[in-house]
Amino acid sequence: MTSLSLPSPAKLFPQPPSQRRPPSPQSLTTSTHHHKRKPKFETLKDNLIRHADAGDIKKAISTLDFMAQNGLTPDLTSFSVLLKSCIRTRNFLLGKLIHSKLTDSQLELDSIVLNSLISLYSKNGDWFTAQTIFETMGDKRDLVSWSAMISCYAHSNMELQAIFTFFDMIECGEHPNQFCFSAAIQACSNVEYAWIGMVIFGFVIKTGYFESDVCVGCSLIDLFSKGLRDLNMAKKVFDQMPQKNSVSWTLIITRFSQLCDPRSAIELFLEMVLTGSVPDKFTFSSVLSASSELQWLLFGQQLHSLVVRSGLLSDVCVGCSLVDMYAKSTADGSMNDSRKVFDRMPVHNVMSWTAIITGYVQSGGDDREAIQLYHMMMEEGSVKPNHFTFSALLKACGNLTNLELGKIVYCHAVKFGLAYFDSVGNALISLYARCDKMEDARRAFELLFEKNLVSYNTIIDAYAKNLNSDDSFDFFSEIEDSGVRVDAFTYASLLSGAASVGAVGKGEQIHARLLKAGFESNQCICNALISMYSRCGNIEAAFQVFQEMSDRNIISWTAMITGFAKHGSAERALDMFNKMLSSGVKPNEVTYVAVLSACSHAGMIDEGWKYFRSMSEYHGISPRMEHYACMVDLLGRSGFLEKAVQFIKSMPFVADALVWRTLLGACQVHGNVELGKHAAEMIHEQDPNDPAAYVLLSNLYASGGQWEKVADIRKGMKARNLVKEAGCSWIETENKVHRFYVGDTEHPQAKEIYEKLDQLAAKIKKMGYVPNTNFVLHEVEEEQKEHYLFQHSEKLAVAFGLISTPKPKPIRIFKNLRVCGDCHSAMKYISLATGREIVVRDSNRFHHINNGLCSCNDYW
DNA sequence: CTAGGGTTAG
């Protein structure tokens, strides 16, 4: 037993006087009952074990010290019980204290205590101390020591050491048991070492541990799912496991959910419930996340009620998953249910706070509420934000284009020491990009601690969205050179960059690259290709991509319908829509915007009304502002201005600037000054600084020749420091984008361009073209007006297209604003005179001009 | 004394 001559640990670890006093009678009832007698060793030991088992380690340690003070040196079993309790309750600090007391006791340590120490340090993340103990064990090493050490390495990102240790063990003549096997296989559950895992798998089969042990089965599921990315094999392992429990069920459900197959995850969950296994909090978190991935609200609600019935609602993680599920699944972006769950949670942690904040940022985008919640979180004070919290918050600031707020948020991230996470750095890049600060975005990119694919994708996307496709392509080459493998996201950004500038040549190049990289069947990319070709003016190429897709989703259909609508093919758009319905895909809000705008572009009033009604009647989608704006457009363009006003008044909510701007546009087309003025007033009521309203109104007055009013408006704009967006047209030739502004002489071939324009002017006048000088918005002489007309940016671009591209190719022009009426008419004549097809994308739609006719039927 | 499952993300 114990030798009484050893020094008392209490002398080596003096405690504050208050604690050095003998424990109170309450805590040591049996021993101090007859305080005059010497306390008995066995009694004290029993007390110690009782405290340790109850998890009250402090009391157990007091007892230990008390023993020592009374000359009764504790035995190994007492220490061992204490250590186990520390490990169980993850109280590493006291565990280390016991280790030092153990060292001071100079007892001869046995395998059990040493193994406990390895486990203690391993769980505390201190692999080095664990290793030191393991190495000094000598022949005291047993299977437990080996398993603990292998597992320690496997959990410390030292997979190779874990594997070596496993083979060392075999060389030492040990026969691995299920613990060793599952630890070693865990170390192999990654792409790099999966092949070693397969070798070990062979051992497992031979030794029969696969049949006998659920844990070994679980580690094999991970070997196949995480190591070999083969869910089918993982499922086979699972199916062949003779015993299943809630852990193995949850594991297989989670892997399906994580590896992009949430449907199967949910099917497995149902199978689990039907076969009588009881889902626990882990299972619910996992299956809820699969459900939110699919946005299956109804199923999510059923899970919610199951959670309630299972009494798991108070678990933080389950609550967090519910918050996330409601945020992602609620179709109209309402956060109400999500918030309700959040508010009723008894305890919050970083994840639940972050989940609700992220929910607000991503769902409908109540970014202010997200920031508000951050304030609440800080005030509440018990939870520290993490890098996920900050990337969500920075995104909120980007959505609000509030750079000042973003900077404050970023400072908080710096203070919390989280700024070096790449997710935070990347969010900062996005923030600057959203606020139109590309130089700062670029600097933030250069200063990143570590650039990963997401960083490249972020900056590429930023350049693409800021109409700077050249820079985004440069970055693309840079990534390719650096050997980083690009992903679908990269291609999608590049395609949307090409699409927004209308660089079809660049778009085709990317198409070729992604074919080579094997992304041709990727749904997201195909959708991006459809919209790229369509937005670049090549609707047939878009349609071809669409037809070749094997798996179309709502986005594919909507992209195609939008494409046909913008290109003025209302019939094909509506045909697509009906085909979509019969193929069983449910339309969403965006689809209806496309359908209604198809009707409006084609002047199909009755059809438009029919579809407008059907959206709520048959598909339960309540019309949003955009849909009302489409209907106002439809009525307004057809000249039913009064009806349009009635319609606006009948709306269930207050019309916003978009709706009024649409009406103002219609007023301009139909020359209704009074109503136009009213519309402009309504716009300025909501946004006194909206330059578009001033410009439209000024155009309206100008076309009626009311020059004083035009001048008044200009003065008003000047006083408010408002600048009208400059009209700009561009054209891509040989992969280069050429931009033109009104009266531009910057282009190297300017001389040729103006000569060409003079020629054209003469030619088309002979053919019957009459310049419509109403489109010149200054009060000048007629001749001068005509001169101005022929400096319009779209005409310059057409002239450049004619001299720089060969004949059968259509000339594709892009304009940031709506195409001018005179240019539209002139281009029709030009198409007739030159036999060239001219395709114009303006801010509203496409014009396919051929043989003197335009696809818009002069109705836009 | 040794082993297995979950949540927030650009």
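Numbers restart at 1 for each chain; the letters A, B, ... are given by sequence-line order, proteins then strands.
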Identify each donor-acceptor pair in which a side-chain atom of residues 321-329 of chain A lies under 3.5 Å from a protein atom, sequence neighbours left out, and give them as a table.
| unit_1 | atom_1 | unit_2 | atom_2 | d |
| --- | --- | --- | --- | --- |
| A:Ser321 | OG | A:Cys317 | O | 3.0 |
| A:Asp324 | OD1 | A:Lys328 | NZ | 3.1 |
| A:Asp324 | OD2 | A:Lys328 | NZ | 3.3 |
| A:Tyr326 | OH | A:His304 | ND1 | 2.7 |
| A:Ser329 | OG | A:Met325 | O | 2.7 |

With a non-hydrogen cut-off below 4.0 angstrom, is A:Asn452 in contact with a base, only sugar-phosphate, or nothing? base
With A:Phe134, the ring-ring contact (aromatic ring centres under 6.0 Å, His included) member among A:Trp146, A:Tyr153, A:Phe128: A:Trp146
What is the distance, to the nearest angstrom, from the CG atom on A:Leu418 to the C1' atom on B:dG10? 15 Å
Using ring pair (Phe, Tyr, Trp, His ring centres under 6.0 Å) as the criterion, list what pairs up with A:Phe201, not counting sequence neighbours. A:Phe224
Side chain of A:Asn457, base of B:dG10: donor and acceptor closer than 3.5 Å? no
Round to a whole Å and report the spacing from CG of A:Leu453 to C1' of B:dG10. 11 Å
Between A:Asp487 (CG) and B:dG10 (C1'), how many Å, whole number? 11 Å
Going by salt bridge (Lys or Arg N to Asp or Glu O under 4.0 Å), name the residues that satisfy it together with A:Glu293, two or more places apart in sequence or in a different chain. none
Listed by chain and number, what are the side-chain contact (heavy atoms from CB on, under 4.5 Å) partners of A:Phe299, not counting sequence neighbours? A:Ile266, A:Phe269, A:Leu270, A:Val287, A:Ser291, A:Trp296, A:Gln302, A:Leu303
In whole angstroms, the gap separating C1' of B:dT8 from CE of A:Met335 amounts to 12 Å
Contact state string [nucleotides 2-7 of chain B, B base, S sugar-phosphate only, - no protein heavy atom under 4.0 Å]: BBBBBB
Rounded to the Å, how far apart are A:Glu293 CD and B:dA9 P? 11 Å
Please enumerate all residues that pass salt bridge (Lys or Arg N to Asp or Glu O under 4.0 Å) together with A:Lys140, with sequence neighbours excluded. A:Glu108
With sugar-phosphate meaning primed atoms plus P, OP1 and OP2, does A:Lys328 contact a base, only sugar-phosphate, or nothing at under 4.0 Å between heavy atoms? sugar-phosphate
